[in-house]
Amino acid sequence: MAAVFPNVSSLPAGNYEVLRFGPQSSEDATRTGFPISLFSSVSNVTDVKVKEKALLESFDSLRPLYPEPIMQLSCSYKYYSASIEMERLNSIQGELKDFHNQNFDSQLNKIIDRVEYSLKLLSSRDRPSPSITRTRPVLTRNSLKVLEEWYECHLDHPYPTASQVEWLAQVSSLNTEQVKKWFGNKRSRSKNTRSLTEIAKVKRRQRLLKRH
DNA sequence: CCAAATGATTGAAA
DNA sequence: TTTCAATCATTTGG
């Protein structure tokens, strides 16, 4: 399998160090490069794009807490994913195309897992250095306008669906976590919440409607 | 300054 | 899992 991706396996070794933070663990047998498993199998990739998006949002939310490590991690990630996409581009011809695509997705997937692992270590690490003070973003007037408007129009059931959250995030240029938090706080503070069973009922109905 | 507002976090419930 | 309520911590208006 490794032979299929000669260029990826010959990526410079030095930078891999930044993928590791926090205590050493048994997993660090792979210290000088990608985990060996990177080349060993083709796992079922659910949806790399979704995973990548979640990862980028993790970067956003952790950046205020750990500016430098996040910078390094996101730069590394961009570098590796760009390398993989280059490889993908170079191999788009031929009947092995699907096979290759799957493998590139699989590599990307594993890199994302690796970076997520680093983020986990980073978060569980002892307090960030005291010089780093947490900040609370102040949402812009425009962002708030979008959210308020949606809320006002759905006072009877202020629970945006996943796709509505996506849309709201786009339009308000926030990330989906921020949108969800805002609605959680908004409902709670304006005492406009529903019982969990009622919420579940509505969701079931929405799922059924979607199917037709 | 201080108190209110508000985004983020947490832990429990279902 | 998602949501809520309580709580924390930062920002802001007075």
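Chain identifiers are assigned alphabetically (A, B, ...) following the order of the sequence lines, protein sequences preceding nucleic acid strands; residue numbering begins at 1 within each chain. Note that the coordinates shown come from a computational prediction; the quantities given were computed from them, not determined experimentally.
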Distance check needed: C:dT3 C1' versus A:His157 NE2, whole Å only.
11 Å
Atom-to-atom span, CG of A:Leu62 to P of B:dA8 - whole angstrom:
12 Å
Between C:dT3 (P) and A:Asn192 (CG): distance, integer Å:
14 Å
Earlier contact from the 5' end, DNA chain C, for A:Pro137 and A:Lys180
A:Lys180
Measure the distance from CD1 on A:Ile199 to P on C:dT1 and round it to the nearest whole Å.
17 Å
Please state how far atom NZ in A:Lys186 lies from atom P in C:dC4, giving the value in whole angstrom units.
14 Å
Is any side-chain nitrogen or oxygen of A:Lys181 closer than 4.0 Å to OP1 or OP2 of B:dT9?
yes
Option among A:Gln164, A:Arg187, A:His154, A:Lys203 that satisfies the side chain to side chain contact (heavy atoms under 4.5 Å, CB included) test with A:Tyr159
A:Arg187
Has A:Gln178 got a side-chain N or O lying under 4.0 Å from the OP1 or OP2 atom of B:dG7?
no
Less than 4.0 Å between a side-chain N and a carboxylate O, is that true for A:Asp60 and A:Arg63?
yes
Spacing between A:Glu177 atom CD and B:dA8 atom C1', to the nearest angstrom
11 Å
Checking C:dC4, B:dG7, C:dT11 against the side chain of A:Trp182 (C-beta onward), the nearest is B:dG7
Classify the side chain of A:Arg187 and the base of C:dT2 as holding, or not holding, a donor-acceptor pair under 3.5 Å.
no
From C:dT11, B:dA8, C:dA5, pick the nucleotide closest to the side chain of A:Asn185?
B:dA8
Atom-pair distance (CZ on A:Phe183; C1' on B:dT6), nearest Å:
15 Å
NZ of A:Lys191 versus C1' of C:dA5: gap in Å, rounded?
10 Å
Among B:dT9, C:dT3, C:dT11, the one nearest any side-chain atom of A:Leu196 is C:dT3
How is A:Leu144 classified with respect to the nucleic acid when contacts are heavy atoms under 4.0 Å: base, sugar-phosphate, or nothing?
sugar-phosphate
The answer to which of A:Arg189 and A:Tyr159 contacts DNA chain C further toward the 5' end, by nearest nucleotide, is A:Tyr159
Taking the inter-plane angle between the rings of A:Phe183 and A:Tyr151 on a 0 to 90° scale, is it parallel (under 30°), tilted (30 to 60°) or perpendicular (over 60°)?
tilted
Only one of A:Glu52, A:Glu177, A:Gln178 passes side chain to side chain contact (heavy atoms under 4.5 Å, CB included) with A:Glu57; say which it is.
A:Glu177
Ignoring backbone atoms, test whether A:Lys203 places a side-chain nitrogen or oxygen under 4.0 Å from the OP1 or OP2 oxygen of C:dT3.
yes
Should A:Thr193 be listed as having a side-chain N or O under 4.0 Å from OP1 or OP2 of C:dT3?
no
Just by distance, with hydrogens left out, do A:Asn192 and A:Arg194 show a side-chain donor and acceptor under 3.5 Å apart?
yes
